Structure formats: structure tokens, C-alpha cells
Amino acid sequence: MVTDTISDMLTRIRNANMVKHQIVQIPATKMSLAIAEILEQEGFIESFETYIEDERSYLLISLKYIGKSRKPVICQIQRISKPGLRVYSNSKKLPRVLDNLGIAIISTSKGVMTNLKAKELGIGGEVLCYIW
């Protein structure tokens, strides 16, 4: 059993990117589903789908690459808030990732969203990860 499902998801995506896999399988949770939706909306992954096998729900994420050399679209994923050390940010001090070329995923009272959307709504929350 994994205690930090977000970190597990990000590590699986990072490892699959390094060896240029097309698809990665992740145990489905509400948080991993929300993060996958954000990654698809922002163009970091092709698509994702859920399926059930042996009464367990999984996410299949199709990774995105550029050109014939298959350069990954996701250059780096960094987990910020961890179970032992939560990192929170208010609406005025939301992080900017590579001068807004990347995104920060924030867990707010209105749901999981990017740092740009949270700033637009004027709310803060827990900073989950940076992706660029």
C-alpha cells in the first residue's frame, strides 16, 4: 500500500517519460484523476482513461512526445508538499513556475487547479507539485 499517492503518480509518470513509454498505469484516486485532468487540459499528456481490473480502479495515461526523437513534453515534475511537510500559499504569493511557462498544481477549497486559475479566482491552497 502506498501512503503518498500523488508522489507515486508523479514518479510513475517521470519514470515512464525517461524510458519513453507511451502509456503508464496508475492506481486511480480522486486526487490522481483531478491531476490527470489538469495535465490533459494544459497539454502535458495526450489523454487518460479509467478502467477497472480485479475490483481495483486504474488510470491509463497516454504520454505526449515531440518529433521523431520523441522528446518528452514533460521536462520535469517536482513534488512540493509532502505528507511530512505541507506547503501552503495564499492567493497573493502563489508560485510562478519558469515565469508561467510551467504550472503549479494547487489543491484549494474550490478543488484542484493550476496556479493561474487560483490566482484568477483569488484563492490559495496547498501547493502539490510543479510541472514544466
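Atom set for the values below is all heavy atoms of this structure, side chains included, hydrogens, waters and symmetry mates excluded. Position 1 is the first residue of the sequence, and the numbers go up from there. Keep in mind that this is a model prediction, so the values were computed, not measured.
Interatomic distance, Phe44 CZ to Ile77 CD1, rounded to the nearest 0.5 Å: 9.0 Å. Atom CE of Met9 and atom CD1 of Ile35 lie 5.5 Å apart (nearest 0.5 Å). Separating the NZ atom in Lys30 from the OG atom in Ser57 is a distance of 12.0 Å, to the nearest 0.5 Å. A distance of 13.0 Å separates CE in Met18 from CD1 in Ile74, rounded to the nearest 0.5 Å. Between the OG1 atom of Thr50 and the CG atom of Leu59 there is a distance of 6.5 Å, given to the nearest 0.5 Å. Distance check, rounded to the nearest 0.5 Å: CD1 of Ile103 to CD of Gln41 gives 9.5 Å.
The two residues Val19 and His21 have their closest heavy-atom pair at CG2-CD2, 2.8 Å. The two residues Pro95 and Asn115 come nearest to each other via the heavy atoms O-ND2, 2.6 Å. Taking each heavy atom of Ala118 and Thr108 in turn, the nearest pair found is CB-CG2, 4.5 Å. Among all heavy-atom pairs drawn from Ser62 and Ile45, the shortest one is O-CB, 3.6 Å. Met31 and Leu128 make their closest contact through SD-CD1, 3.8 Å (heavy atoms, listed as atom of the first residue, atom of the second, distance). Heavy atoms only, all atoms of each residue included: Glu40 and Glu46 are closest at OE2-O, 3.6 Å.
Around the NZ atom of Lys119, the shell of radius 6.0 Å holds more than 12 heavy atoms that belong to other residues, nucleotides or ligands. The environment of Lys20 atom NZ is dense: over 12 non-hydrogen atoms of other residues, nucleotides or ligands sit within 6.0 angstrom.
Residue pairs satisfying the side-chain hydrogen bond (donor to acceptor under 3.5 Å, both in side chains) criterion with at least one member in residues 91-101, sequence neighbours excluded, are listed as follows: Arg96-Asp99.
Neither Ile61 nor Ile52 shares a network with the other; the hydrophobic side chains, linked directly or stepwise wherever heavy atoms of I, L, V, M, F, W or Y lie under 4.5 Å apart, form separate groups for each. Tyr65 is connected to Val24 through a chain of hydrophobic side-chain contacts under 4.5 Å among Ile, Leu, Val, Met, Phe, Trp and Tyr, so both are in one cluster. Linking ILVMFWY side-chain heavy atoms closer than 4.5 Å, directly or via other members, places Ile23 and Phe48 in two distinct hydrophobic clusters. Under the 4.5 Å side-chain heavy-atom criterion for ILVMFWY residues, a single connected hydrophobic cluster contains both Val73 and Leu39. Note on Leu33 and Tyr58: separate hydrophobic clusters, where clusters join Ile, Leu, Val, Met, Phe, Trp and Tyr whose side-chain heavy atoms are under 4.5 Å apart, directly or indirectly.
Grouped by direct or indirect side-chain proximity (heavy atoms under 4.5 Å, Ile/Leu/Val/Met/Phe/Trp/Tyr only), Ile80 sits with Val87, Leu94, Val97, Leu98, Leu101, Ile106, Val127, Tyr130, Trp132. The hydrophobic cluster containing Leu121 also includes Met113, Ile123, under a criterion of side-chain heavy atoms closer than 4.5 Å among ILVMFWY residues, counted directly or through chains of members.
Contact annotation: the side chain of Thr5 never approaches that of Ser32 to less than 4.5 Å [non-hydrogen atoms, C-beta and beyond]. Counting heavy atoms from C-beta outward, Pro27 and Arg12 have side chains that approach closer than 4.5 Å.
Judged by distance alone, with hydrogens and angles left aside, the side-chain atoms of Arg86 form no donor-acceptor pair with the main-chain N or O of Glu126 at under 3.5 Å. Proximity of a side-chain donor or acceptor of Gln22 to a complementary backbone N or O of Leu63 within less than 3.5 Å is detected. A donor-acceptor pair under 3.5 Å links the side-chain atoms of Arg79 to the main chain of Ser81, judged by distance alone. Between the Thr11 side chain and the Asp8 main chain, no donor and acceptor come within less than 3.5 Å of each other. For Arg14 (side chain) and Gln76 (main-chain N/O), no donor-acceptor pair under 3.5 Å exists by modelled atom type.
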